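Read the structure below first, then the notes.
Predicted model, so just to flag it, every value in this text is computed and none were measured.
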Amino acid sequence: MVIPLIVIAIWQYTGSNRMIADGLFPSFTASIEALSDFLFGTAEQSAPYSGDWVTSVLDSSQRILSGYVLGSVLGVVLGLFSGYSKSVRLLVNPMIDALRPISITAWIPLALIFFGIGNAPAIFLTSMATFFPVYVNTLIGAMSAEGRLLRAAAMLGANKWQMLVRVTFPATLPSIATGMRVALALAWTTVVVAEILGARSGLGYVLMDAYNQFRFDYVVACMISLGALGFLSDRLLAWLFKRPLRWVESAAKA
């Protein structure tokens with residue numbers, strides 16, 4: 001707790017004394033008061049989104065969940081088949097490698113043209129941001145599946161489908177978990193960018209609206225909310241993978 005407390009003390013001192021950005025940067029206590037108003041509507045002079053924290057979080061979470069699930073499913077399926085089959089890899093991998101370096105923000109104009117304003121562009125961008133890390137990690141995991149396990153399954157009479165589902169997929173789970181945790185952080189980042197440019201609700205929209213109104217205390221309140229929600233969702237995902245991956249810990253101890 002030492003470093004966070006030092007950061008908070010410096011933050012409070014510089015913000016209270018208007019030492020940063022000509023006094024526009026809010027102090028720690030001002031940011032916490034804004035967060036409290038955002039949550040419960042407690043301030044005497046409330047902002048337009050006072051008490052709207054739950055609604056904003058639900059709107060952002062809906063977009064994140066939809067895009068994250070879609071991108072993860074596509075990434076796992078394509079990555080698994082590409083890692084298992086050289087023919088599929090030669091067919092799919094070059095196109096994905098060509099698209100992967102393109103920044104997600106570069107897709108925003110096309111997303112707005114194709115889907116307009118609302119949930120659809122945010123879901124599209126979030127699914128793309130999710131897909132690439134999940135696909136790459138799944139591909140590497142599938143290609144790294146131990147050959148002796150595949151040979152043992154073949155000797156026991158397993159067909160190709162059984163080898164994919166019963167051998168390659170379980171062996172790839174640690175890589176899938178890594179890719180999905182990386183993708184989850186990217187999903188939170190991407191949905192905020194999408195909401196800033198193409199939505200009328202959510203944490204990203206509130207953040208940009210607060211910026212336009214020079215309410216930087218609410219900007220920081222949104223950032224605190226995003227950090228906390230991202231951390232909690234990552235902990236939840238790690239907990240969900242804990243039981244399926246219990247064999248990894250057992251193997252490490254052995």
Side-chain angles (χ1 to χ4, degrees), residues 1-65 67-68 103-106 108 111-112 117-119 121-123 125-126 129 181-237:
M1 295 296 294
V2 173
I3 293 178
L5 289 174
I6 292 174
V7 171
I8 290 173
I10 296 173
W11 177 3
Q12 178 65 25
Y13 178 80
T14 55
S16 299
N17 291 280
R18 306 173 66 85
M19 297 173 64
I20 300 178
D22 296 326
L24 293 176
F25 183 71
S27 66
F28 173 75
T29 52
S31 301
I32 295 301
E33 289 173 2
L35 179 60
S36 177
D37 180 55
F38 193 19
L39 279 163
F40 308 112
T42 56
E44 295 181 2
Q45 295 182 346
S46 301
Y49 20 80
S50 177
D52 286 346
W53 187 87
V54 173
T55 302
S56 299
V57 169
L58 289 176
D59 289 342
S60 294
S61 298
Q62 178 187 355
R63 296 171 185 132
I64 287 173
L65 184 62
Y68 182 73
S103 170
I104 294 300
T105 55
I108 290 176
L112 294 176
I117 303 298
N119 289 339
I123 293 172
L125 293 169
T126 304
R181 290 185 66 181
V182 172
L184 185 58
L186 292 175
W188 277 102
T189 304
T190 304
V191 79
V192 170
V193 175
E195 287 175 347
I196 286 174
L197 298 174
R200 292 293 179 265
S201 63
L203 289 173
Y205 170 76
V206 173
L207 189 152
M208 180 52 67
D209 188 66
Y211 168 78
N212 291 330
Q213 296 187 43
F214 293 92
R215 293 302 306 267
F216 296 102
D217 50 348
Y218 283 87
V219 170
V220 177
C222 288
M223 294 173 66
I224 294 172
S225 300
L226 289 165
L229 291 168
F231 174 79
L232 291 174
S233 58
D234 179 73
R235 294 294 89 200
L236 176 61
L237 187 63

Parallel, tilted or perpendicular, as decided by the 30° and 60° cut-offs, for the rings of W11 and F25: tilted
Looking at every heavy atom in both [X] and [Y], which two are closest together, and how far apart are they?
X    : Y    : result
S60  : L203 : OG-N, 2.9 Å
D37  : S50  : OD1-OG, 2.6 Å
C222 : L207 : SG-N, 3.8 Å
V206 : F38  : CG1-CZ, 3.9 Å
G204 : I196 : O-CG1, 3.4 Å
L186 : A129 : CD1-O, 3.9 Å

Exam field: side chain S225 to backbone A221, donor-acceptor pair closer than 3.5 Å: yes
Test item: T126 side-chain N/O and I123 main-chain N/O as donor-acceptor pair under 3.5 Å: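 No, T126 side chain to I123 backbone: no donor-acceptor pair under 3.5 Å.
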Euclidean distance, [Y] [atom2] relative to [X] [atom1], rounded to 0.5 Å:
X    : Y    : atom1 : atom2 : answer
L39  : I32  : CG    : CD1   : 9.5 Å
L184 : T189 : CG    : OG1   : 9.5 Å
I8   : F28  : CD1   : CZ    : 4.0 Å
S27  : M19  : OG    : CE    : 13.5 Å
L226 : F231 : CG    : CZ    : 15.0 Å
I20  : T14  : CD1   : OG1   : 3.5 Å

Hey, does [Y] have a side-chain heavy atom less than 4.5 Å from the side chain of [X]?
X    : Y    : result
S233 : W188 : yes
I108 : T105 : yes
V193 : I104 : no

Residue pairs involving residues 191-209 (criterion salt bridge (charged side-chain N to carboxylate O under 4.0 Å, His left out); sequence neighbours excluded):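 Every salt bridge (charged side-chain N to carboxylate O under 4.0 Å, His left out) pair that includes a residue of residues 191-209, provided the two are not neighbours, is R63-E195.
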Does [atom1] in [X] sit with more than 12 non-hydrogen atoms of other residues, nucleotides or ligands closer than 6.0 Å?
X    : atom1 : answer
M208 : CE    : yes
L5   : CG    : yes
D22  : CG    : no

